[in-house]
Each structure stands twice: as C-alpha cells, then as structure tokens.
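What follows is a short report on a single structure.
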Number of protein chains: 2
Amino acid sequence: MQGVQGVCERDPQKTIAERLQQRFDELTRAERQLAGSLLENYPVSGLSSITAVAAQAGVSTPTVVRMVQKLGFRGFPEFQAELRRELGERISNPIDKHDTWAAKAPDQHILNRFTEAVIGNIRQTLAQVDTASFDAVADLLADTAHGVHVVGGRITRALADYLFLHMQVVRPGVSLIQSLANAWPHDLLNMAPGDVLVVFDVRRYENATLKLAEMARGQGARIVLFTDQWGSPVAAHADHVLSCRIAVPSAWDSNVVLMLLLETVLAAVQERTWAQTRERMERLESMFDKTRLFRKFT
Amino acid sequence: MQGVQGVCERDPQKTIAERLQQRFDELTRAERQLAGSLLENYPVSGLSSITAVAAQAGVSTPTVVRMVQKLGFRGFPEFQAELRRELGERISNPIDKHDTWAAKAPDQHILNRFTEAVIGNIRQTLAQVDTASFDAVADLLADTAHGVHVVGGRITRALADYLFLHMQVVRPGVSLIQSLANAWPHDLLNMAPGDVLVVFDVRRYENATLKLAEMARGQGARIVLFTDQWGSPVAAHADHVLSCRIAVPSAWDSNVVLMLLLETVLAAVQERTWAQTRERMERLESMFDKTRLFRKFT
DNA sequence: CCGGTGTTGAAGAAATTATTTCAGAACCGG
DNA sequence: CCGGTTCTGAAATAATTTCTTCAACACCGG
C-alpha cells in the first residue's frame, strides 16, 4: 500500500486542472497540446498509461514527463496518484456533505469517525441488497404454516436473541436454538420439513453453525442467512442470503447494519401479519399490566 | 482524428460494480475480499496499478488477475480501461442524486422507509449527544481499577449481552446481571463501591431495573444509563446518561441507534485500553485456534 | 485422521511503462 | 542565410507492472 505519499511539498490547494490553466502560458506548444487534451475530459483522460496519454494528445511520452515535472511532480506515476486522489474527493464529497455527526465534537472524535463508517456501511449494504430476497424472507417468516427456528454464533447470539424475542410476539411457532449448547440434535428433532431456519453467521464463521445448517437443510428446512459481505460458508446451503457491510474503525466488526436489516425484516413481517400480531400484542400488554413488571407510564 | 474509436462494441452490459455484486457468490474468499475493496470507494480504488490494488485489498496480484479474468476481461489493463470508460460516462452526466437507499426498490418499500427513519434517528441522536458524557463513560469503562456490571431489560437484554461479550474481551472484571432472574441480590453482593453499573432501559421502563439501579447506587456504584429520548426513571440515579432516538415505522421501537452508540463506546474503550486488549485478544484467538470452533478462513 | 480438490500467494518471467539521452527540427533575431 | 537557442520525439535504458508457474495450504468427504 504505497502511493499516497509525499503530497506535502507542492501547493495542496489547487487542483491539477487549475494549475494547468493557470500556468498555460509557461508551457511550450507540445505541452499546451497535451494540457488541452488532459483538460478535455478531465480527469479521466489522465488516468491511462503515459503511452496512451501521449498518443491521445498526439505528443511524445517525453513531453508528458517534462510537463508533469514542470507542474512539480517527480514523475508521471506521482502525477497520476494525485489525479486519483482528487477524483476520490470529487466523487465522495458531492454525495454526502454531512461531514460531522456530533457537531459539538471534533471531526476526528470517535463518535464522528465511527458514525461515518456505519453510515457508509448502511449505504453500501442497502445499495446491493436483493429486494426480492428481502421480500421473500419476510414472506417466509410471516407464514405461520411453518415453524421458525433462530440460531446465532458467539457474537451474533445477541441478534438471534433479539429476533427471537420479537418474532415470538408476532407469531406462534418460533424457537431459539441455544448457541454453544450441545442440545442441537434435540432442536433438529423439532424441525419439520418446510420449517424456516434463520441463521446468523459472521466472521469468524463457526463450524458448528455450518453443521447445523447442513443438517437442517437435509431435513427439508428452508434457510435464511444473515451474514457479512464476505459471505459465510452457510451461504451455499441457504435459500436466501442477506449480507451486510460491517467494517468500522475498531478492533471488531460492527453489527449495527445487521441489526438494521433485522429490524427492517421484523417491520416487514409485522406489516404482513398485522391482523394476528395486533391481537397478540394486546394480550401481551394486558399480561404485563397484571404482572406489574413495567411502569404504566413515564 | 484519433482517439474516439472502438468504444461501442463492448457489451452495453452492466457496470463492473454491478457485475461484481451479481456474481459475488461465484467468487472465492480472496476474490470477495478484493471485490469488497474495489467497491469500497468505487471506482477510484481500481484505478491504480495492480500491485497497489492487490495490496489495498490485502490479496496477491495473481488473485486480482484471476478475478478480472473471471469477469470476462483478458487482463488487468483491459479491466482498468473499462473502469475508466465507465468513469468517463459517470462524470459527464453527474445526475448522481441519492434519493433512496435501496435503489432497486421503490421509495415506499419498507427498506427505504425504515432506513430513512433510522438515519434520521442517528442524525438527531448524534446532534444532541453529550460528548463529555460519552468520553466520561469510555473512561469509566476503561478503568480496570473498578468492576463493571451490565444489566438490560426485556428487550435490551440482547444489547446488554452484546456489551458484556465484548467488554469481557477488552478487560477483566466484567459481569452480566441476568435479566428476569431473581438473583439480583447476589449480584449486588459482588458490587463494590466505585464499581460501574451499565443499565439499559427503554420503554416500557422496568420497575425491577429501577430498583436495581437504586440499590446499586446506595452501595456506592456509579451508574451509566443507555436509554431512549424519553428518559427512563433510572436517569435520576445515573451519573451519565446516553439517550437515543428510537422511533421507526413499525409497531416497535428501533434499537439500531442504541447499538450504534454502544459499539462506539466499545471502540472508544478499546482505543483507551489497546495495550491490554491486544494481548487479551491474541490469547483469545490462540484459544479459538486450539478449539477449532471456527474456520481458519472463508 | 487422511488423501483429493480447489484456492492462494511467493517468486520469477514476460510485457509494458516510464525516464533519459541525444540528434535533429523549428524558431528567432540579426 | 546563419549561429544560437529552445523544443521535440526516436530510440535506448531503467523501472514497474502484469502475468504465469508452482508448491503450500485449507477445506471436504470419506
């Protein structure tokens, strides 16, 4: 990973295009021809090889070298690196001008860096999510003709738990397969053909989870997988895969996007089953009232 | 007279980004890693030399060659040329407005509505988060001089679990107080003055949680509260409160923002304790290696 | 636990790109 | 038209990049 080096000595403010225009009259005839060609379809025209750039402008390669050196670069590769850097800024900035999230904190505060990364993850995840798969998953989970089983791994256990909790409210026939337990065979016993197994599996992918998925599949279960963008080996056995971006500035991966997708699925399922769900929720509320576990207000 | 030749014959197919996403599951592990890196800040990341691209993605150059060939290119230069062509088109008509999140789905699809709401929640939460409190919380949790106890409610149990899991890796002296259990008095026994109790409490606020917080406070524990914007009654006893927006188009509230804040705190704590954390993580990894619970790759 | 299969990257060969050199072309003022 | 100066690109050279080979490795199924 080299490349983004030594950018400090020359005017970091002006773009290459600006510099070309500004110093246009210092250039020689062949160089002007080249500059014109570069500006013609800036900056893409400068991103191919020096050979192609020269040919495109109708000048020789030494002319190209001489001109970029006049602009203050050590050589063509350095010039091109700067061009790419500019392009990167130009591409990413117009899309999102929201630089800081916690306005009171500096840009470099972890709150802003982390949130920035997560928002990026959300963008990318949503951009490539397969809507048809999403809808299919919601349909599957809303269908009370079949049972739903949920399983997570070491890290994703919390998510599995969360899904289980809410699904229990939405509909009957939901079970949580305890992670780390050796009770899997028993859970498999209860898995009928057509049942849906929701699997959470992110790095590092767990052998036990894979095994369970395979066996469930063998029993005729349909498998829905929530995973990260690398794709867990369970994907090979899954009917539907929902994959998320999880990279953040931390020693771990982020499960925020997974949670977002999960909640969205829940919302979609709830929409589909609202008639039953409403009635179930009312009964649940009334039970809570009787137990006085919760405060009525505040 | 030169230059603008032979641009039309190449399949008017899909962009490279689309092809990468579409055929993602045909790719091998290293190739997926590469594809991810390429999409990360597309297409700029693909425009440097094959060496740099490979290094950036953390794979070898042969992997790059193999993948672009899988995509139907004769070699890397040809792939790059296509990337430049695409870029040229994209630059010339900069109608790159970002209205919806899942571009393939209609605006009114739950994916877009829900995500829109969550992003709004993130904005509002971050805008009003108290950075000083946040930093103080990170400091408290990073301080190994005192123990940390974590407790959640019916819904937030999953989050408490998640925090506990990661804090366990970061530092010693972390305990999870089982929700719904009647064992609280025992947990209180283990709570020394100066210890930190992290409480999760969102609507509907739980009486038992409040009780626990009060008693812990009475024993000299310091209390950190994660809650929603309405503020749980625990706030009155808490030293630091981190509150989140949680409204979404669903019958429930969203815990995505809570999760985001939680992970950010974890990242901040990890930054502060990196010296010990690193060593602990390495030991953990080595134990995992020995158990073969996880796959080495893929 | 053990070969078979597919994936991976180190290393080196081949191809291409970038730089330097230098002879001649173009210009310029006289 | 000429001597001096600057500019230019062909060609040689240097540096890099790209591609290929192959042994090591992980995973899989028995």
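Letters A, B, ... are given to chains in the order of the sequence lines, protein chains preceding strands, and every chain is numbered from 1. For the numbers below, each heavy atom of this structure counts, side chains included, while hydrogens, waters and symmetry mates do not.
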Say whether Thr277(B) and Gln270(B), considering side chains only, have a donor N or O and an acceptor N or O under 3.5 Å apart.
no
Between the side chains of Asp187(A) and His149(A), does any donor sit under 3.5 Å from an acceptor?
no
So with a 6.0 Å cut-off around CZ of Arg278(B), is the heavy-atom count from everything else above 12?
no
Can you tell me which nucleotide in dT19(C), dT18(D), dC28(D) comes closest to the side chain of Val65(A)?
dT19(C)
Would you say Ser60(B) reaches dA10(C)'s phosphate, i.e. side-chain N/O to OP1/OP2 under 4.0 Å?
no
Here's a test for you: under side-chain contact (heavy atoms from CB on, under 4.5 Å), which of Asn255(A), Asn121(A), Asp253(A) qualifies with Val248(A)?
Asn121(A)
Per Thr28(A) side chain, nearest of listed nucleotides dT8(D), dT18(D), dT7(C)
dT8(D)
Using a strict heavy-atom distance below 4.0 Å, which residues from residues 34-43 of chain B are in contact with DNA chain D?
none
For the pair made of CD in Glu31(B) and C1' in dG9(C), what is the distance, rounded to whole Å?
13 Å
Given atom CE of Met67(B) and atom C1' of dC19(D), what is their separation to the nearest angstrom?
16 Å
Salt-bridge present (Arg157(A), Asp161(B); N to O < 4.0 Å)
yes
Roughly, in whole Å, what's the span from CG in Asn207(A) to P in dA26(D)?
13 Å
Is the closest side-chain heavy-atom distance between Val64(B) and Val59(B) below 4.5 Å?
yes
Verdict with reasoning, Asp228(A) to Arg245(A), per salt bridge (charged side-chain N to carboxylate O under 4.0 Å, His left out):
CA-CA 6 Å; Asp228(A) 55 49; Arg245(A) 293 255 155 189; over 6 Å; no
Just to be sure I understand the rule, does Arg29(A) reach a base, reach only the sugar-phosphate, or reach nothing, if contact means heavy atoms closer than 4.0 Å?
sugar-phosphate
Select one nucleotide: of dG9(D), dT19(C), dG9(C), the one nearest the side-chain heavy atoms of Thr63(A).
dG9(D)
Closest to side chain of Pro62(A), choosing from dG9(C), dT18(D), dT21(C):
dT21(C)
What is the separation between atom NZ on Lys211(A) and atom P on dC28(D), rounded to the nearest whole Å?
9 Å
Between the side chains of Gln33(A) and Arg29(A), is a donor N or O closer than 3.5 angstrom to an acceptor N or O?
yes
Is it the case that over 12 heavy atoms from other parts of the model lie below 6.0 angstrom from the CE atom of Met281(B)?
yes
Considering only dG9(D), dC28(D), dG9(C), which nucleotide approaches the side chain of Leu210(A) most closely?
dC28(D)
Give the nucleotide from the list dT8(D), dA11(C), dT19(C) with an atom nearest to the side chain of Ile50(A).
dT19(C)
Nearest-Å distance, CD (Glu26(B)) to C1' (dT7(C))?
16 Å
Rounded to 10 degrees, the angle between the two terminal axes of the helix from dC1(C)-dG30(D) to dG30(C)-dC1(D), each from five pairs
40°
Which nucleotide wins on minimum distance to the side chain of Phe76(A), given the candidates dT8(D), dT19(C), dT17(D)?
dT19(C)
Atom-to-atom span, CZ of Arg66(A) to P of dT19(C) - whole angstrom
12 Å
At under 4.0 Å between heavy atoms, what does Thr51(A) touch on the DNA or RNA strands: base, sugar-phosphate, or nothing?
sugar-phosphate
Please classify the nucleic acid contact of Gln69(A) as base, sugar-phosphate, or nothing, using heavy-atom distances under 4.0 Å.
sugar-phosphate
Can you find a side-chain donor-acceptor pair between Glu86(A) and Tyr42(A) that sits under 3.5 Å?
yes
